[in-house]
K.L.:
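Below is the structure I would like to discuss, written out as structure tokens.
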Amino acid sequence: MVTAIVHINAEVDRIPEVAQTIAEIDGVGEVYSITGAYDLLAMVRVAAYEQIAEIVPGRINKVAGVLHTETHIAFRAYSKHDLDAAFSIGLNEAD
């Protein structure tokens with residue numbers, strides 16, 4: 001699984017419409033409205049790296065109202081569940 005984090009600048013008056021359109025693209029898991037230098041953040045998860053090229057420049061960048069994107073490819077995913085397992089030494093708290 002390849003994960004890409006896509007930061008998106010959009011026309012201010014079209015942010016909700018742009019977010020909804022992007023959220024409907026296959027491969028896009030979530031779209032967040034965010035603070036900071038970008039307006040939206042889209043999480044893209046696909047089976048192969050080449051699919052990122054189809055989704056970001058091929059679909060997201062072509063959504064009406066999208067002004068600019070910046071894409072970051074994740075090397076590895078961590079979650080609280082993964083970290084708990086990694087640091088567990090097999091002792092139960094009740095012991």
Side-chain angles (χ1 to χ4, degrees):
M1 176 75 54
V2 179
T3 301
I5 299 95
V6 184
H7 292 97
I8 302 159
N9 280 329
E11 294 175 15
V12 175
D13 60 337
R14 298 183 78 178
I15 290 172
E17 173 189 340
V18 169
Q20 186 60 47
T21 301
I22 293 171
E24 294 171 2
I25 295 172
D26 287 339
V28 175
E30 305 89 31
V31 178
Y32 300 96
S33 176
I34 59 173
T35 61
Y38 296 94
D39 302 308
L40 301 168
L41 181 143
M43 297 299 296
V44 176
R45 294 180 188 89
V46 292
Y49 176 79
E50 293 78 18
Q51 292 174 285
I52 298 295
E54 295 169 15
I55 293 172
V56 179
R59 302 280 312 275
I60 292 175
N61 283 349
K62 293 180 180 177
V63 169
V66 169
L67 301 173
H68 172 77
T69 63
E70 181 174 305
T71 303
H72 301 266
I73 305 295
F75 293 125
R76 211 174 265 148
Y78 299 92
S79 70
K80 183 178 181 332
H81 176 73
D82 294 336
L83 294 175
D84 286 346
F87 289 103
S88 172
I89 57 172
L91 298 177
N92 195 343
E93 285 185 23
D95 290 340

K.L.:
I need the minimum non-hydrogen distance between Ala47 and Val2, along with the two atoms involved.
P.N.:
O-CG2, 4.2 Å
K.L.:
Can you name the side chain to side chain donor-acceptor pair (under 3.5 Å) partners of Glu54, sequence neighbours left out?
P.N.:
none
K.L.:
State plainly whether one hydrophobic cluster holds both Ile5 and Ile34, where clusters connect Ile, Leu, Val, Met, Phe, Trp and Tyr through side-chain heavy atoms under 4.5 angstrom apart.
P.N.:
yes
K.L.:
How close do Ile52 and Ala4 get, counting heavy atoms only, and between which atoms?
P.N.:
CD1-CB, 3.6 Å
K.L.:
Testing Ile22, Leu40, Thr71 one by one against Ile60 for a side chain to side chain contact (heavy atoms under 4.5 Å, CB included), which residue passes?
P.N.:
Ile22
K.L.:
Determine the minimum heavy-atom distance between Ala64 and Arg14, stating which atoms define it.
P.N.:
CB-NH2, 3.5 Å
K.L.:
Applying ring-ring contact (aromatic ring centres under 6.0 Å, His included), which residue pairs with at least one partner in residues 7-27 are found, sequence neighbours left out?
P.N.:
His7-Tyr38, His7-His72
K.L.:
Listed by chain and number, what are the side chain to side chain contact (heavy atoms under 4.5 Å, CB included) partners of Ala48, not counting sequence neighbours?
P.N.:
Glu50, Gln51
K.L.:
With clusters defined by side-chain heavy atoms of hydrophobic residues (ILVMFWY) lying less than 4.5 Å apart, directly or transitively, does Val46 cluster with Met43?
P.N.:
no
K.L.:
Quick check: is Ile73 connected to Val44 through a chain of hydrophobic side chains (ILVMFWY, heavy atoms under 4.5 Å apart)?
P.N.:
yes
K.L.:
Got a sec, which pairs hit side chain to side chain donor-acceptor pair (under 3.5 Å) with one end in residues 19-31, sequence neighbours left out?
P.N.:
Gln20-Glu24, Glu30-Arg45
K.L.:
Under 4.5 Å between side-chain heavy atoms, hopping through other hydrophobics if needed: is there a path connecting Val63 to Leu41?
P.N.:
no
K.L.:
Give me each pair satisfying salt bridge (Lys or Arg N to Asp or Glu O under 4.0 Å) with a member in residues 61-75, each pair once, sequence neighbours excluded.
P.N.:
none
K.L.:
Do you know which two heavy atoms are closest between Ala42 and Val28, and how far apart they sit?
P.N.:
CB-CG1, 4.4 Å
K.L.:
Is Val18 reachable from Leu67 through a run of I, L, V, M, F, W or Y residues, each pair having side-chain heavy atoms under 4.5 Å apart?
P.N.:
no
K.L.:
If I compare all heavy atoms of Asp39 with all of Asn9, which pair ends up nearest, and what's the gap?
P.N.:
OD2-CA, 3.4 Å
K.L.:
If I compare all heavy atoms of Ala10 with all of Ile15, which pair ends up nearest, and what's the gap?
P.N.:
CB-CG1, 4.1 Å
K.L.:
Applying ring-ring contact (aromatic ring centres under 6.0 Å, His included) as the test, list every pair that has at least one member in residues 44-70; sequence neighbours left out.
P.N.:
none
